[in-house]
Number of protein chains: 2
Amino acid sequence: MGGYENGDSPAAAPFAGEDGVILGVDGGTTNTVCVCLPAAMPPPESPAAVPVLARVVAGCSNRNSVGESAALETLEQVMAQALAMANSDRSAVRAVCLGVSGINHPSDQQRMLEWIRDLFPSNTKFYVENDAVAALASGTMGKLHGCVLIAGTGCIAYGVTEDGKVARAAGAGPVLGDWGSGYGIAAQALTAVIKAHDGRGPQTSLTGDILEKLELSSPDEIIGWTYADPSWARIAALVPVVVSSAEDGDEVANKILHDSVQELADTVIAVVRRLRLCGEDGNDKFPLVLVGGVLEGNKKWDISGEVIKCISKVFPGTYPIWPEVEPAIGAALLAWNHHRKGLKLENGS
Amino acid sequence: MGGYENGDSPAAAPFAGEDGVILGVDGGTTNTVCVCLPAAMPPPESPAAVPVLARVVAGCSNRNSVGESAALETLEQVMAQALAMANSDRSAVRAVCLGVSGINHPSDQQRMLEWIRDLFPSNTKFYVENDAVAALASGTMGKLHGCVLIAGTGCIAYGVTEDGKVARAAGAGPVLGDWGSGYGIAAQALTAVIKAHDGRGPQTSLTGDILEKLELSSPDEIIGWTYADPSWARIAALVPVVVSSAEDGDEVANKILHDSVQELADTVIAVVRRLRLCGEDGNDKFPLVLVGGVLEGNKKWDISGEVIKCISKVFPGTYPIWPEVEPAIGAALLAWNHHRKGLKLENGS
């Protein structure tokens with residue numbers, strides 16, 4: 001991931017100054033990251049070459065979790081701190097992209113646009129999007145085109161066309177069947193352990209592996225463990241155990257992973273089909289950005305590789321990208337792209 | 001259901017008096033019911049003929065929900081009120097059966113036995129069981145033998161052999177895959193609506209039927225509705241909509257119900273197999289008591305009928321029973337049976 005940790009002193013910022021700055025924000029349920037880029041930077045030759053002036057991390061900015069006023073306060077503070085760290089201020093901001101979780105409807109977007117307009121000069125450009133858009137842009141280096149698949153604790157597929165149409169699939173949470181998510185994979189594994197114990201399902205090495213991980217002595221105790229804490233992330237943290245059981249040849253664990261691969265692939269296929277990202281003949285190349293713990297890692301059991309295989313059978317133009325920069329930089333690059341196009345138009349070039 | 005509502009004046013109680021009384025308690029998460037029977041009553045000729053001296057309803061007595069001290073206080077009060085209503089008192093109690101949800105381990109049972117012994121005379125007999133046992137006894141008129149399948153908001157199969165061995169399956173809650181429960185059926189239906197909306201699943205009339213029931217205008221709004229209130233019962237309340245869509249021929253709703261039937265049947269089959277309730281040759285007759293909203297009703301789409309068909313293919317001796325008395329009476333009959341056997345032994349008959 002690119003960017004600097006809080007308090008690091010980034011290299012000199014040769015592009016800032018009177019040309020102004022760009023802000024990119026990735027606002028999530030766990031934390032919120034804001035980065036500041038120089039507005040006049042040249043197109044970066046590689047992800048590592050993005051000249052980050054400042055990077056600041058704050059807490060949750062999902063208004064569904066903490067309420068609207070707390071979410072907006074977090075966003076305002078994280079941007080103010082990033083500007084201060086970059087030796088800049090609000091008057092220098094040329095464009096801002098907020099990619100914030102919990103932005104699901106045009107009305108959410110509109111409310112946040114009205115709020116952010118009052119914080120910056122009147123000629124600043126604003127882009128308010130779902131945080132999935134920031135993740136997509138982190139793979140496409142700011143270009144809004146393609147599909148992103150995020151599979152962490154939850155999962156969602158989100159796509160955008162070059163003419164601005166959007167579509168999403170999944171992202172509905174555990175009750176509504178996001179079975180390819182980390183939560184979904186782990187919940188299926190826990191269920192398999194209970195079923196084996198009850199005599200309703202085949203024996204599986206998941207039993208020993210999960211009990212060892214949770215330091216429990218019997219599958220009976222899993223029921224109490226599960227309901228002692230309603231956190232989905234706590235359940236999802238068992239995914240590495242499932243992967244490792246599958247790598248060791250356990251059939252139940254392998255079936256869970258194969259089913260989840262199919263769920264994740266179906267999610268992407270639904271979005272690509274609705275947006276015709278694959279073109280009229282179904283063979284156009286389009287970027288598929290892969291983000292989140294379930295899709296990371298160079299494990300023997302290659303979940304993201306299998307997902308891509310499934311999708312490529314339907315859409316041979318699928319071009320997978322594992323982002324080398326974080327979503328906040330994706331958001332900033334998105335704003336920078338728009339800013340640069342605006343300048344070109346003004347200059348008649 | 002037999003029994004009298006609070007405040008009703010039951011018919012004269014010809015069998016009570018110096019022969020004493022029996023208490024049966026069904027302690028659940030929603031409410032707790034206590035009934036009082038005359039210890040010297042003859043074996044009832046029919047469920048309707050059980051001479052209930054008193055019936056009292058109180059709140060939750062599941063210690064996992066309200067804590068141990070509140071649960072015990074509720075149990076103590078509901079028994080005291082039933083005795084007062086029956087014009088009796090603690091000294092007249094010959095036997096008590098508590099069937100309480102949340103009693104899952106022998107240690108839970110032991111703690112509650114120690115507590116209840118101090119409330120009654122030293123010669124009183126006590127039976128502390130899971131509430132599933134009270135439901136079983138409500139179908140077998142107090143005899144502890146067979147399997148009960150409860151499918152309401154949650155689901156569980158619980159079996160007991162004549163020599164006292166017990167086994168259970170499912171009852172592990174939604175995270176751990178109780179897919180045949182009311183919650184499970186409704187969650188699958190909601191998932192199907194989301195998948196159809198995303199383009200990941202077939203179109204289904206569940207969409208219109210569920211949106212109408214919830215007074216929502218778009219499947220998008222289901223996500224917010226689902227997570228606005230974590231109550232499982234609120235989700236499970238959609239089961240009648242799923243049944244009605246299936247009856248109208250919707251294939252998706254039919255598949256959900258058929259899958260759930262198989263899950264429920266597998267749960268019973270696991271318990272019957274572990275306890276050998278079907279005898280060595282697999283053909284012995286055994287009672288299967290069916291309880292809970294999912295298994296009730298004379299709907300066209302007959303869930304309990306289909307479950308019995310599945311189980312009977314494996315165990316032809318399955319003898320289904322829909323209880324005509326409530327679980328509290330089942331608990332009281334269980335205690336009464338034991339009391340009567342004790343008297344016979346004392347009398348040498």
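Just so it is clear, the structure is predicted and the values come from calculations on it, not from any experiment. The figures here come from the full heavy-atom set of this structure, side chains too, leaving out hydrogens, waters and symmetry mates. Note on naming: letters A, B, ... go to the chains in the order of the sequence lines (proteins, then strands), and numbering restarts at 1 for each one.
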Legend entry - Pairs of heavy atoms under 4.5 Å with chain B: top-ranked of A/Gly171, A/Ala167, A/Gly177: A/Gly177

Inset, instruction - Can you establish whether the number of heavy atoms outside A/Glu251 located under 6.0 Å from its atom CD is more than 12? - result: no

Legend entry - chain A-proximal positions within residues 268-279 of chain B [heavy-atom distance under 4.5 Å]: B/Ala270, B/Arg274

Inset, instruction - Search all heavy atoms of A/Val175 against all heavy atoms of B/Tyr227 and return the closest pair with its distance. - result: N-OH, 3.0 Å

Legend entry - Contact residues of residues 185-201 of chain B (partner chain A; heavy-atom separation under 4.5 angstrom): B/Ala187, B/Leu190, B/Thr191, B/Ile194, B/Lys195, B/His197, B/Asp198, B/Gly199, B/Arg200

Legend entry - Residues of residues 202-225 of chain B with any heavy atom under 4.5 Å of a heavy atom in chain A: B/Asp220, B/Ile222, B/Ile223

Inset, instruction - Counting only heavy atoms closer than 4.5 Å, note whether B/Ala157 contacts chain A via side chain, backbone, both or neither. - result: neither

Inset, instruction - List for me each residue that meets salt bridge (charged side-chain N to carboxylate O under 4.0 Å, His left out) alongside B/Arg63, sequence neighbours excluded, and say none if there are none. - result: B/Asp108

